[in-house]
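Step one of this worksheet: look at the structure below.
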Amino acid sequence: MSVTGRFAPSPSGPLHFGSLVAALASYCQARSQQGRWILRIEDVDTPRVVSGASEQILRDLEAFGFAWDGPVLYQSDQFERYRFYLEKLLTEGKAFACECSRRSLREQGVRSGPLGQIYPGNCRRKNLPPAGHSVRLNTESATSIAFDDQVYGRFEMNLPATVGDFVLRRVDNIYAYHLAVVVDDELQGIDEVVRGADLLENTCLHLFLQQKLEFSSPRYL
Ligand code: GLU
């Protein structure tokens with residue numbers, strides 16, 4: 001078996017039609033290459049998890065005839081691995097603690113981009129302790145992040161100008177989806193990510209984070 005693909009729904013509600021399309025596309029893409037197809041429940045943002053939604057998603061997928069390989073991975077069981085890689089980024093000076101709130105940034109008049117406020121780097125050199133603060137990835141060096149999407153073609157983004165230093169762990173100690181998805185795709189050996197087009201911009205964040213963690217990058221569609 002050459003390729004491993006995955007479907008990674010967030011249990012913030014029942015499986016909706018867009019998720020079903022992503023499930024079907026990722027399934028066909030993996031199986032048409034005689035590959036493995038695994039399921040990951042992205043419940044890292046525990047306050048947003050709707051009770052019973054994971055179980056319902058699994059039942060719905062089964063009802064549609066999907067069969068996945070191996071056990072289902074729950075992000076809520078993986079906090080130790082996210083902590084490990086976050087520490088690594090902090091130790092290597094690639095991430096930093098930040099005391100800015102969304103409100104203080106708004107009051108400063110920071111601009112917004114496609115993914116929200118563009119963080120201007122205020123706390124990069126303050127050396128704040130991570131405990132009690134959010135942790136952000138330093139994107140200073142990410143002026144051109146590009147990839148070849150198998151449907152959309154070349155997609156390129158200047159991260160400092162469009163997104164800024166993005167959050168890896170929130171002040172309430174919740175790990176960000178960006179960190180969790182990059183770590184899990186690496187540790188689960190995912191070769192090809194098939195996902196909704198709403199995640200095109202996010203993919204550039206993931207590519208940059210993979211570089212910083214010295215992970216290889218999967219193909220994207
Ligand atoms: N969990 C994300 C969602 O349901 C998808 C993640 C991904 O494909 O990377 O929107």
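Atoms within each ligand, like the ligands themselves, are counted from 1 in listed order.
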Task: Modelled atom types, side-chain donor and acceptor of Gln188 and Arg40, under 3.5 Å - done: yes
Task: Polar contact flag, side-chain donor to acceptor under 3.5 angstrom, Asn158-Thr143 - done: no
Task: Partner residues of Ala22 under the side-chain contact (heavy atoms from CB on, under 4.5 Å) criterion, sequence neighbours left out - done: Phe7
Table of N or O contacts for ligand 1, cutoff 3.5 Å:
| residue | atom | partner | partner atom | Å |
| --- | --- | --- | --- | --- |
| ligand 1 | 1 (N) | Ala8 | O | 2.7 |
| ligand 1 | 1 (N) | Ser10 | OG | 2.8 |
| ligand 1 | 1 (N) | Glu42 | OE1 | 2.6 |
| ligand 1 | 4 (O) | Ser10 | N | 3.3 |
| ligand 1 | 4 (O) | Ser10 | OG | 3.3 |
| ligand 1 | 8 (O) | Arg6 | NH1 | 2.8 |
| ligand 1 | 9 (O) | Arg6 | NH1 | 3.4 |
| ligand 1 | 9 (O) | Arg6 | NH2 | 2.9 |
| ligand 1 | 9 (O) | Tyr177 | OH | 2.9 |
| ligand 1 | 9 (O) | Arg195 | NE | 3.3 |
| ligand 1 | 9 (O) | Arg195 | NH2 | 2.7 |

Got a list of side-chain donor-acceptor pairs under 3.5 Å for residues 8-20, not counting sequence neighbours?
| residue | atom | partner | partner atom | Å |
| --- | --- | --- | --- | --- |
| His16 | ND1 | Gly18 | N | 3.3 |
| His16 | ND1 | Ser19 | N | 3.4 |
| His16 | NE2 | Ser19 | OG | 3.2 |

TODO: Answer whether the closest heavy-atom distance between the side chains of Leu115 and Leu205 falls below 4.5 Å.
DONE: yes
- [ ] Using salt bridge (Lys or Arg N to Asp or Glu O under 4.0 Å) as the criterion, list what pairs up with Asp148, not counting sequence neighbours.
- [x] Arg154
